[in-house]
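Heavy-atom basis, side chains included; hydrogens, waters and symmetry copies ignored.
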Amino acid sequence: MFEGQPKGLYALALANTGERFGYYTMLAVFVLFLKANFGFSPEVSGAIYGTFLGLVYFLPFLGGIMADRFGYGKMVTIGIIIMFLGYLFLSLPLGNGTLAVAGMGGALLLVSCGTGLFKGNLQVMVGNLYDTPEYASKRDSAFSIFYMAINIGALFAPTAAVEIMKYAQNSLGVSEGASYHFAFAVACVSLILSIAIYYTFRSTFRHVEGGSKDAGKSSQKTGSEEISAAETKERIIALCLVFAVVIFFWMAFHQNGLTLTFFAKEYTDLNLFGMPISAELFQSLNPFFVVFLTPVVMAIFARQRARGCEPSTPKKIAIGMGIAASAFVVMAVGSFVSNLPLHKEILEVGTSPVKVTPLLLMVTYLILTVAELYISPLGISFVSKVAPPKYQGIMQGGWLGATA
């Protein structure tokens, strides 16, 4: 899995780790910040959260259009700078009035635009490293490594957010609502680290950055010249069909930042084997499982390949969809058997009188992560392999757009 990979993969993966650490530090506490600082209801918080994620995952499509014309590396750099400004504004304690709400909205827009320029185009650059006969066979394993790097950043983000907030409250005496700004400041620091890694090791991947004069040259597919208009159309249609299918997976998966976060806060016994835990830390489960299960899932695929029975990428995505469904079956059955009250019945007290074991969420996240490993890293790899050379950025943006 790790043998024979180009050095550029690890440089880009580490740069992405820093950026993702900042993003997930912010996301781990975001909906709780909306409630604590502004007093927003779950419905309002959900609308803001959904709109923000929609922009985060739709704007890479526009970022891909720009990068296909002006170069991937240039858009990645601009994106990091814009994201930094967004997190910087979020870290400013503006209170809870109209100015604070407007400032938060502007900050979220900056983070969304920056992510739109950064995320999909970095994935294009990773894929372009494998457009040579020497590395072509290692594309799937490369994106699994890249995906692990994303989740290493996400793994430690909730813990970092919680600890910096505790420090702000206990040592600096700030209120709970104000302490969230310290968590957002951590995201600023992580982006500085990300851009430092990017430019320190730029020589290992500079040949795949593209540019206004040579955009597309480095992304020509192995052993082929310009493909025909008919083949271009066929590839785009095939990818769009895959995008349409995975919409439903991401619709379910991204309940983790909203519905499952509220479930952890309000319905879950925050005590595991005698140790107190926080609701925010449940969001560490998914990246934890990604990091440790990726080698296992890759070993399963390798064994199937050796036997000649490895499913195609579209079939793996279909299998992943079924696994994801089973995760929410577990969640639904566990909630029903525990006879949990409806959310509208606990709005006044803010917490359920009936609590479920934290193992319910842990098992749900475990199953959901296995589904994710059958879909996300392999899907990104599939897009980089199938996308027409001139439309690499747009197609990676389309994959992310399915999440929007």
Side-chain angles (χ1 to χ4, degrees), residues 1-6 8-17 19-21 23-24 57 60 118-131 135-155 239 242-243 245-247 249-250 252-254 256 285-305 310-324 327 365-387 392 395-403:
M1 179 176 174
F2 293 95
E3 295 179 359
Q5 302 286 357
L9 168 65
Y10 299 106
L12 291 171
L14 286 174
N16 202 37
T17 298
E19 184 274 331
R20 291 288 88 183
F21 177 83
Y23 175 76
Y24 285 108
Y57 288 100
F118 177 89
K119 188 171 174 62
N121 293 321
L122 198 76
Q123 292 174 184
V124 172
M125 291 165 62
V126 172
N128 288 346
L129 291 171
Y130 295 84
D131 289 340
Y135 295 120
S137 64
K138 299 181 182 297
R139 187 185 298 266
D140 283 355
S141 60
F143 275 102
S144 292
I145 294 171
F146 183 75
Y147 206 72
M148 284 178 65
I150 292 174
N151 284 275
I152 289 172
L155 173 60
L239 288 173
V242 173
F243 299 161
V245 171
V246 298
I247 285 173
F249 169 74
W250 293 120
F253 179 84
H254 280 289
N256 61 355
L285 291 175
N286 172 245
F288 173 82
F289 289 139
V290 167
V291 172
F292 287 95
L293 289 178
T294 294
V296 176
V297 173
M298 292 302 295
I300 292 172
F301 294 157
R303 189 170 183 178
Q304 290 174 330
R305 192 178 310 120
E310 182 183 16
S312 65
T313 298
K315 286 184 179 179
K316 288 175 182 175
I317 290 175
I319 292 170
M321 298 281 282
I323 296 172
Y365 274 115
L366 173 65
I367 300 172
L368 199 57
T369 301
V370 174
E372 180 186 8
L373 292 175
Y374 267 80
I375 295 174
S376 191
L378 299 178
I380 299 170
S381 176
F382 182 71
V383 173
S384 77
K385 188 186 308 179
V386 176
Q392 286 280 309
M395 291 295 98
Q396 286 290 355
W399 170 263
L400 295 170
T403 306

_Parallel, tilted or perpendicular, as decided by the 30° and 60° cut-offs, for the rings of Trp250 and Phe253_ = perpendicular
_Parallel, tilted or perpendicular: which one describes the rings of Phe301 and Tyr374, with boundaries at 30° and 60°?_
perpendicular
Starting at [atom1] of [X], measure out to [atom2] of [Y] and round the result to the nearest 0.5 Å.
X      : Y      : atom1 : atom2 : value
Lys119 : Leu400 : NZ    : CG    : 6.0 Å
Gln5   : Phe146 : CD    : CZ    : 13.0 Å
Phe249 : Leu368 : CZ    : CG    : 5.5 Å
Ile145 : Asp140 : CD1   : CG    : 11.5 Å
Leu12  : Thr17  : CG    : OG1   : 10.5 Å
Phe243 : Met395 : CZ    : CE    : 5.5 Å

_Full working for side-chain contact (heavy atoms from CB on, under 4.5 Å) between Val370 and Leu293_ = CA-CA 7 Å; Val370 174; Leu293 289 178; 3.9 Å; yes
Non-hydrogen atoms of [X] and [Y] that approach each other most closely:
X      : Y      : answer
Ser141 : Met298 : CA-CE, 3.8 Å
Ala15  : Phe118 : O-CZ, 4.4 Å
Ala324 : Ala371 : N-CB, 3.5 Å

*Non-neighbouring partners of Gln123 that pass side chain to side chain donor-acceptor pair (under 3.5 Å), sequence neighbours left out*: Gln396
_Working note: Ser376 + Tyr147, criterion side-chain hydrogen bond (donor to acceptor under 3.5 Å, both in side chains); need CA distance, chi angles, decisive distance, verdict._
CA-CA 8 Å; Ser376 191; Tyr147 206 72; 3.1 Å; yes
*Residue of the set Arg305, Lys315, Arg303 for which salt bridge (charged side-chain N to carboxylate O under 4.0 Å, His left out) holds with Glu310*: Arg305
Checking [X] side chain against [Y] main chain: does a donor-acceptor pair fall under 3.5 Å?
X      : Y      : answer
Thr294 : Val291 : no
Thr369 : Val290 : no
Arg20  : Gly153 : no

*Report the C-alpha distance between Val242 and Val383 in whole Å, list the side-chain angles of each, state the deciding distance to 0.1 Å, and finish with yes or no for side-chain contact (heavy atoms from CB on, under 4.5 Å).*
CA-CA 9 Å; Val242 173; Val383 173; over 6 Å; no
*Any luck finding a side-chain donor-acceptor pair between Glu372 and Tyr365 under 3.5 Å?*
no
*Any chance you could lay out the side-chain contact (heavy atoms from CB on, under 4.5 Å) test for Asn151 and Tyr24, step after step, and finish with the verdict?*
CA-CA 9 Å; Asn151 284 275; Tyr24 285 108; 5.9 Å; no
_What verdict does the side-chain contact (heavy atoms from CB on, under 4.5 Å) test give for Trp399 and Leu239, after you've listed the backbone C-alpha separation in whole Å, the side-chain angles of each residue and the deciding distance to 0.1 Å?_
CA-CA 8 Å; Trp399 170 263; Leu239 288 173; over 6 Å; no
